[in-house]
Amino acid sequence: MSNGKKPGFHYAYAIVASCIAITCLPCALALSCAGIFFTPVSEYFGVPRASFTLYFSILNIMMMLTLPMAGRHLSKLDARKVLSGATCLVALGLIGMSRGTSMPWFYVCGAIIGVGIAPLVYLAVPSLINAWCVKSVGFFVGLCMAFTGIGGVIFNPIGTAMIQSGPEGWRTAYLVFGIIVLVGTLPFTLFVVRSKPADKGLLPYGAEDVATDDAAAANPVEGVPASVAMKTAAFFALAAFCGVITLNQTIYQFLASYATSFGESLPQIAAASGVVASAAMAGQAIGKIILGIINDKSVRMGIFFGIGCGVAGVLLMWFLPSALPVLLVGAFLFGIVYAMTTVQTPLLVRSVFGSADYTNIYSRISMVGSLMSAFAAVFWSFVIDSPLGFPGMFVGGLVCMAVCCATSLFALGQTDKVRAQA
């Protein structure tokens, strides 16, 4: 077997490029860019915004329902078939949205997108990077996941320009987005992706640095079967972590509204509401890469860094909102804890349960986060509209982060006990 290395190049880099295409195109276009359509489409059909955005809740529920099946398929079948099929479903849903004539039509399209996006946003990156790399796993996961935010930065202005081009510009935007998903992603999922290094007769990235004569040791597949993992306390702790960190991340959607709430007392803050949201998005993108690097050194350190940044960010935004630079720093720091949702969660699962049945275990834990996504915005809306207001939201965020810190550290503390059951 080859050592899997050409001068200056390892095929794992091509896998990373494929993962970036997946996160930057179908994931960003279907998820990170969804918000630009909410107002124009609902106004076009003359319905309340909630009537149209219900499709997004359906999308998240379908993700939750199909994640276990997607995990099984991705662990047993050729990744090219699974990811290419998923890409086609997302494109079909987006193109279908461009032909929408009624709200039920959009709900069906949302369901189709939900089925397709589930393996792309939750499973593709951690599963492929975990299979193809034995070093720098955290960095590569963080780098690839950062492109869900970077894709939003790139395509939100493009989509907005198309939407504003005419009364039905939103149809053009959906159609173009669907075509971009197909043309930009399928070449990678069909021709570049491979499920594991052995499919190319290679060893994983970093295997050449393992000081052993045993090639198998360079590609460890030890770990706990899903059937065993799901009976452990660590599994339920990580499921709770995934759900609560998702609930916490959703606070991001209300940061612009928080800034706007100062319209009478601090008009300069209200005018910068879009910049506040952008600062959090920048923190999310950069935070994913930083978290990945830190997790390669220590998963515990990654937990403390992410949660610490989030707590600091909430306190700055809550108690010092009158100074715009401080508010922006707070939003940026909160973006880092936001990044934990898609970086810390898969790395925790890998650290605790190993690689042997990783995809099946992670797909089940991700179900909790996907379910939470469907209802988190409604929960925070209720809190903000109650007498608790935005202070209640910030207190809730601090409680969420405390729970996440406790559950993740508990799960890590169970690692030896869990591995002994393998």
Kindly list each side-chain donor-acceptor pair under 3.5 angstrom involving residues 400-416, sequence neighbours excluded, with atom names and distances?
unit_1: Thr407; atom_1: OG1; unit_2: Val403; atom_2: O; d: 2.9
unit_1: Thr407; atom_1: OG1; unit_2: Cys404; atom_2: O; d: 3.2
unit_1: Ser408; atom_1: OG; unit_2: Cys404; atom_2: O; d: 2.7
unit_1: Ser408; atom_1: OG; unit_2: Cys405; atom_2: O; d: 3.1
unit_1: Thr415; atom_1: OG1; unit_2: Leu412; atom_2: O; d: 2.7

What I'd like to find out is whether the side chain of [X] reaches to under 4.5 Å of the side chain of [Y], using heavy atoms alone.
{"X": "Met372", "Y": "Phe379", "answer": "no"}
{"X": "Phe37", "Y": "Phe106", "answer": "no"}
{"X": "Phe254", "Y": "Ser381", "answer": "yes"}
{"X": "Ile384", "Y": "Ser257", "answer": "no"}
{"X": "Ile365", "Y": "Phe241", "answer": "no"}
{"X": "Thr189", "Y": "Ile22", "answer": "yes"}
{"X": "Phe334", "Y": "Val276", "answer": "no"}
{"X": "Leu238", "Y": "Thr345", "answer": "no"}

Distance from Ile15 atom CD1 to Lys196 atom NZ, nearest 0.5 Å? 12.0 Å
Under 3.5 Å, which donor-acceptor pairs do the side chains of residues 228-236 form with other protein atoms, sequence neighbours left out?
unit_1: Thr232; atom_1: OG1; unit_2: Ala229; atom_2: O; d: 2.7
unit_1: Thr232; atom_1: OG1; unit_2: Phe235; atom_2: N; d: 3.2

Aromatic contact, Trp318 with Phe390 (centres under 6.0 Å): no
How are the rings of Tyr205 and Phe140 set to each other: parallel, tilted or perpendicular (split at 30° and 60°)? perpendicular
Do any side-chain atoms of residues 52-74 form donor-acceptor pairs under 3.5 angstrom with protein atoms, and if so which ones, sequence neighbours left out?
unit_1: Thr53; atom_1: OG1; unit_2: Arg49; atom_2: O; d: 3.0
unit_1: Thr53; atom_1: OG1; unit_2: Ala50; atom_2: O; d: 3.4
unit_1: Asn60; atom_1: ND2; unit_2: Phe56; atom_2: O; d: 2.9
unit_1: Thr66; atom_1: OG1; unit_2: Met62; atom_2: O; d: 2.7
unit_1: Thr66; atom_1: OG1; unit_2: Met63; atom_2: O; d: 3.4

Is the backbone of [Y] close enough, under 3.5 Å, to the side chain of [X] for a donor and an acceptor to pair up by distance?
{"X": "Trp380", "Y": "Leu247", "result": "yes"}
{"X": "Thr260", "Y": "Ala256", "result": "yes"}
{"X": "Thr246", "Y": "Ser373", "result": "no"}
{"X": "Ser127", "Y": "Thr359", "result": "no"}

Mind listing the side-chain donor-acceptor pairs of residues 287-307 below 3.5 Å, one per line with the distance, residues two or more places apart or on another chain?
unit_1: Lys288; atom_1: NZ; unit_2: Met145; atom_2: O; d: 2.9
unit_1: Lys288; atom_1: NZ; unit_2: Thr148; atom_2: OG1; d: 2.7
unit_1: Lys288; atom_1: NZ; unit_2: Gln284; atom_2: OE1; d: 2.6
unit_1: Asn295; atom_1: OD1; unit_2: Gln344; atom_2: NE2; d: 2.7
unit_1: Asn295; atom_1: ND2; unit_2: Leu291; atom_2: O; d: 2.7
unit_1: Asn295; atom_1: ND2; unit_2: Gln344; atom_2: OE1; d: 3.0
unit_1: Asp296; atom_1: OD1; unit_2: Val137; atom_2: N; d: 3.4
unit_1: Asp296; atom_1: OD1; unit_2: Gly138; atom_2: N; d: 2.7
unit_1: Asp296; atom_1: OD2; unit_2: Phe139; atom_2: N; d: 3.0
unit_1: Ser298; atom_1: OG; unit_2: Arg300; atom_2: N; d: 3.4
unit_1: Ser298; atom_1: OG; unit_2: Met301; atom_2: N; d: 3.1

Residue pairs, two or more places apart or on separate chains, that pass salt bridge (Lys or Arg N to Asp or Glu O under 4.0 Å) and touch residues 83-111: none
So salt bridge (Lys or Arg N to Asp or Glu O under 4.0 Å) across residues 159-174, not counting sequence neighbours, yields Glu168-Arg171
Identify the two heavy atoms, one from [X] and one from [Y], that lie closest to each other, and give their separation to 0.1 Å.
{"X": "Leu186", "Y": "Ser84", "result": "CD2-O, 3.9 Å"}
{"X": "Ala331", "Y": "Leu255", "result": "CB-CD1, 4.4 Å"}
{"X": "Gly100", "Y": "Trp105", "result": "CA-CD1, 3.3 Å"}

Just distance, no hydrogens or angles: give the donor-acceptor pairs under 3.5 Å from side chains in residues 149-162, sequence neighbours left out.
unit_1: Asn156; atom_1: ND2; unit_2: Ser32; atom_2: O; d: 3.4
unit_1: Asn156; atom_1: ND2; unit_2: Gly152; atom_2: O; d: 3.0
unit_1: Thr160; atom_1: OG1; unit_2: Asn156; atom_2: O; d: 2.7

Is there a side chain to side chain contact (heavy atoms under 4.5 Å, CB included) between Val16 and Trp132 once you walk through the steps? CA-CA 9 Å; Val16 170; Trp132 272 90; over 6 Å; no
Which residues share a ring-ring contact (aromatic ring centres under 6.0 Å, His included) with Phe38, sequence neighbours left out: none
Report the residues that fulfil ring-ring contact (aromatic ring centres under 6.0 Å, His included) with Tyr252, sequence neighbours left out, ordered by chain and then residue number. Tyr338
For residues 87-94, run the donor-acceptor check on the side chains, cut-off 3.5 Å, and write out each pair with its distance to 0.1 Å, sequence neighbours left out.
unit_1: Thr87; atom_1: OG1; unit_2: Leu83; atom_2: O; d: 2.8

So which pairs with a foot in residues 346-365 pass ring pair (Phe, Tyr, Trp, His ring centres under 6.0 Å), sequence neighbours left out? Tyr358-Tyr362
Can you sort out the partners of Arg80 under side-chain contact (heavy atoms from CB on, under 4.5 Å), two or more places apart, ordered by chain and number? Asp78, Val193, Arg194
